[in-house]
Amino acid sequence: MLPQDYTAAGNQTHGSAAWLFVERRIREVFERFDFREIRTPMFEPTEMIARGVGETSDIVTKEMFAWTKGDTNYVLRPELTAPIMRAYLQHRLDQQGPVQRLSYLGPCFRAERPARGRFRQFHQFGAEIIGSADPRADAEVVAVLMAIYGAFGIENLRLRINTLGTPEERTAYKAALRTFLTPRQEALSDISRERLDKNPLRILDTKLEYEQALLENAPILTDFLGQETRAFFDRVCSYVHDLGIPFVTDPKLVRGLDYYAHTTFELESDALNGALAGAGRYDLLAKDFGNPNPVPAVGFAAGMERLFVVLSDAGYVFPEVSAPDVFLVAIGNEAENWAFRKAQSLRKNDIRVAFDLKGRSMKAQMREADRSRAPLVVIVGDQELVSESVNLKNMAEGTQETIPELDLMHRIKRFSSK
RNA sequence: GAGGGUGUAGCUCAGCAGGUUAGAGCGCAAGAUUGUGGCUCUUGAGGCCGUGGGUUCGAACCCCAUCAUCCUCCCCA
């Protein structure tokens, strides 16, 4: 048994074929929607992440794995939108075409308490459309997210959409909300009272019934939105509607990250408390990074582990791991050496080969062959070596024939191509 | 960060009110079948009973702490 400090809390080790299968399927959908995968570093300067995600956000204030090396502070990336925007600006991706459609899939890190569907190292997949202020871009992001869940046959989900408007509109609303809530702050929870000053929008998110009741008469964000914002949001909604994707609009949907403006949306499931995916438009992030011009952008981020929760709740059956084409069973030292070399030559011809590495009995090798689920087994002993023949066994049918060794490659290929 | 549940074999779990060598099923291994898998039967390997301390003649069991894990809250993917 290993010492208990050999593992860190909230992490998992993945060895399963299911993980690869899910990744592959996600990437297929991204390709279908013309997204190109981008990979950014696992750790980033704290400065960039803090600016991008927001100095006051929960993520930055209390959930980062951080360290210092030399004069620079680093963090393990807590999310990927900010790093991708950084990469876009730094590598001048706009020069490769006016609209960049980027996807990603990889680990992120947050120092939170682990829970169902939540880990300290977790994995996000997502997509960003950078360079388009067209409401169809927002709808495209919704579409690709829903298509991924659709690709797994998952449909019982709730999609909520809202607009946060422009910073000016939001500021005006924040002030109004604060004015409304301040005289009533005695009735608020401790957490909400703290937010009253810092970020009153987040109070809207409350799940406490008495707070929700209190908010019934509160000013509503929609009333503070200008003509343009409303028109834009209406177009986003109608595009999503055109795609046949069910959703509800929810003026109380706010998101924890500072960079959102205009469209925000969130995907939820009954299987889980937290969100499956969160998303939105973040036209101002580029300016936050010090870029002279704003860069319109919209994207989503979804949790792999949460997808797995939903899949396993739905009783999803993952395909079996891939089996070798053939298993080589060898009897005796000579035959073992033959099999060892034969495996290599078959593999050079794109045949997937497995064989025993323990010098075990033939019976044990057969059991191993069965377990490997190889459809064909080649059995070779001294007799076959002398006659330069091999026994080729069809495991499903239990039939076996002796063939010249020279025909082996051809026979395996012919069988596998059927 | 707050509250609660659970930690016994690779996995799923038993273990009566503290009592001697800690069990089952599945899985794994060997044999029955000396060159043939699955099915069956037999046998076997594998446990610091999460960790540390305490109470006791005696602790898997009781107490404390700690770690891990799960759930609720918080927040988010």
Side-chain angles (χ1 to χ4, degrees), chain A residues 1-12 53-54 57-64 77-81 104-126 145 148 189-192 194-195 199 202-203 205-208 254-257 266-269 272-280 299-310 327 329-332 335 356 358 360-385 390-400 402:
Chain A
M1 184 173 283
L2 288 170
Q4 57 187 32
D5 51 5
Y6 271 29
T7 62
N11 291 336
Q12 299 179 299
V53 178
S57 64
D58 287 337
I59 291 177
V60 169
T61 54
K62 54 185 189 192
E63 295 173 2
M64 296 200 297
R77 63 187 191 190
E79 56 101 60
L80 278 160
T81 297
Y104 58 83
L105 194 167
C108 295
F109 308 84
R110 293 184 197 172
E112 294 183 278
R113 173 164 297 196
R116 179 174 165 82
R118 183 166 74 196
F119 300 90
R120 288 181 166 175
Q121 171 169 337
F122 61 105
H123 298 76
Q124 285 195 342
F125 60 94
L145 170 61
I148 287 171
S189 64
D190 293 348
I191 297 157
S192 292
E194 270 177 43
R195 286 184 184 147
N199 193 354
R202 294 283 298 285
I203 300 174
D205 238 2
T206 185
K207 278 159 202 150
L208 299 170
V254 293
R255 315 230 69 249
L257 309 180
E266 196 166 284
L267 188 64
E268 296 170 325
S269 159
L272 210 59
N273 271 326
L276 257 37
F300 84 85
M304 281 287 273
E305 286 80 359
R306 293 182 180 190
L307 171 57
F308 274 107
V309 168
V310 171
F327 193 104
V329 170
I331 307 145
D356 171 68
K358 290 188 74 145
R360 303 151 88 192
S361 71
M362 176 184 186
K363 185 182 174 66
Q365 291 184 58
M366 285 302 293
R367 199 162 45 231
E368 194 67 41
D370 185 51
R371 187 158 39 210
S372 79
R373 295 181 12 263
L376 293 176
V377 169
V378 170
I379 302 163
V380 172
D382 293 339
Q383 299 159 27
E384 289 77 13
L385 287 178
V390 300
N391 294 310
L392 187 62
K393 179 161 187 171
N394 179 322
M395 290 296 270
E397 292 173 9
T399 55
Q400 179 174 324
T402 304

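Every chain is numbered from 1, with letters handed out A, B, ... down the list of sequences.
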>> Suppose you measure atom P in B/U43 against the same atom in B/G25; what distance do you get, rounded to whole Å?
In response: 11 Å
> To the nearest angstrom, how far is A/M362 atom CE from B/G37 atom P?
Replying inline: 8 Å
> Quick one: the side chain of A/R118 and the base of B/A77, do they pair up donor-acceptor inside 3.5 Å?
Replying inline: no
> When rounded to the nearest Å, what value does the distance between C1' atoms of B/G23 and B/A30 take?
Replying inline: 23 Å
> How far, in whole Å, is B/A24 from B/A9 if one measures between their P atoms?
Replying inline: 14 Å
> Which one, B/G37, B/A77, B/C71, comes nearest to the side chain of A/R116?
Replying inline: B/C71
> Taking N and O atoms by type only, does the side chain of A/Q400 place a donor or acceptor under 3.5 Å from a partner on the base of B/U36?
Replying inline: yes
> On a whole-Å scale, what distance lies between the C1' atoms belonging to B/U33 and B/U42?
Replying inline: 13 Å
> Nearest of B/G1, B/C75, B/C70 to any side-chain atom of A/P114?
Replying inline: B/C70
> Base, sugar-phosphate alone, or nothing: which one does A/G332 contact when heavy atoms must sit under 4.0 Å apart?
Replying inline: nothing
> When all nucleic acid strands are considered with a 4.0 Å heavy-atom cut-off, which category describes A/R360: base, sugar-phosphate, or nothing?
Replying inline: sugar-phosphate
> Just how far, in rounded Å, is C1' of B/G38 from CZ of A/R367?
Replying inline: 11 Å
> Within the modelled atom types, does a donor on one side and an acceptor on the other bring the side chain of A/K393 and the base of B/U36 under 3.5 Å apart?
Replying inline: yes
>> Just to be sure I understand the rule, does A/G117 reach a base, reach only the sugar-phosphate, or reach nothing, if contact means heavy atoms closer than 4.0 Å?
In response: base
>> Heavy-atom nearest nucleotide on RNA chain B for A/D370 versus A/S361: which residue maps closer to 5'?
In response: A/S361
>> When you measure from the side-chain N and O atoms of A/K363 to the phosphate of B/G37, is any distance below 4.0 Å, counting only OP1 and OP2?
In response: yes
> Under 3.5 Å, is there a donor-acceptor pair between the side chain of A/R306 and the main chain of A/L276?
Replying inline: no
> For the side chain of A/Q383 and the base of B/G35, is some donor closer than 3.5 Å to an acceptor across the two?
Replying inline: yes
> Quick one: on RNA chain B, does A/N391 or A/Q124 contact a more 5' nucleotide (nearest heavy atom)?
Replying inline: A/N391
> If the P atom of B/C61 is compared with that of B/G53, how far apart are they to the nearest Å?
Replying inline: 14 Å
> Has the side chain of A/R306 got a donor or acceptor that lies under 3.5 Å from a partner of the other kind on the base of B/C76?
Replying inline: yes
> For atom C1', what is the distance between B/A59 and B/A45, given to the nearest Å?
Replying inline: 28 Å
> Just how far, in rounded Å, is P of B/A77 from CD of A/E63?
Replying inline: 10 Å
>> When the P atoms of B/G54 and B/G15 are compared, how many Å lie between them, rounded to an integer?
In response: 29 Å
>> I'd like the C1' distance from B/C63 over to B/C28, given in whole Å.
In response: 39 Å
>> With a 3.5 Å cut-off and heavy atoms only, can you find an N or O donor on one side and an acceptor on the other between the side chain of A/E112 and the base of B/A77?
In response: yes
> So what does A/R371 touch, heavy atoms closer than 4.0 Å: a base, only the sugar-phosphate, or nothing?
Replying inline: sugar-phosphate
> Hey, is the side chain of A/E384 pairing donor to acceptor with the base of B/G35 inside 3.5 Å?
Replying inline: yes
>> Taking the minimum atom-to-atom distance to the side chain of A/A275, which one of B/C75, B/G37, B/A77 wins?
In response: B/A77
>> Considering every strand and a 4.0 Å limit on heavy-atom distances, what is the contact class for A/I59: base, sugar-phosphate, or nothing?
In response: nothing
> Reckon A/F327 touches a base, only the sugar-phosphate, or nothing at all at heavy-atom distances under 4.0 Å?
Replying inline: nothing
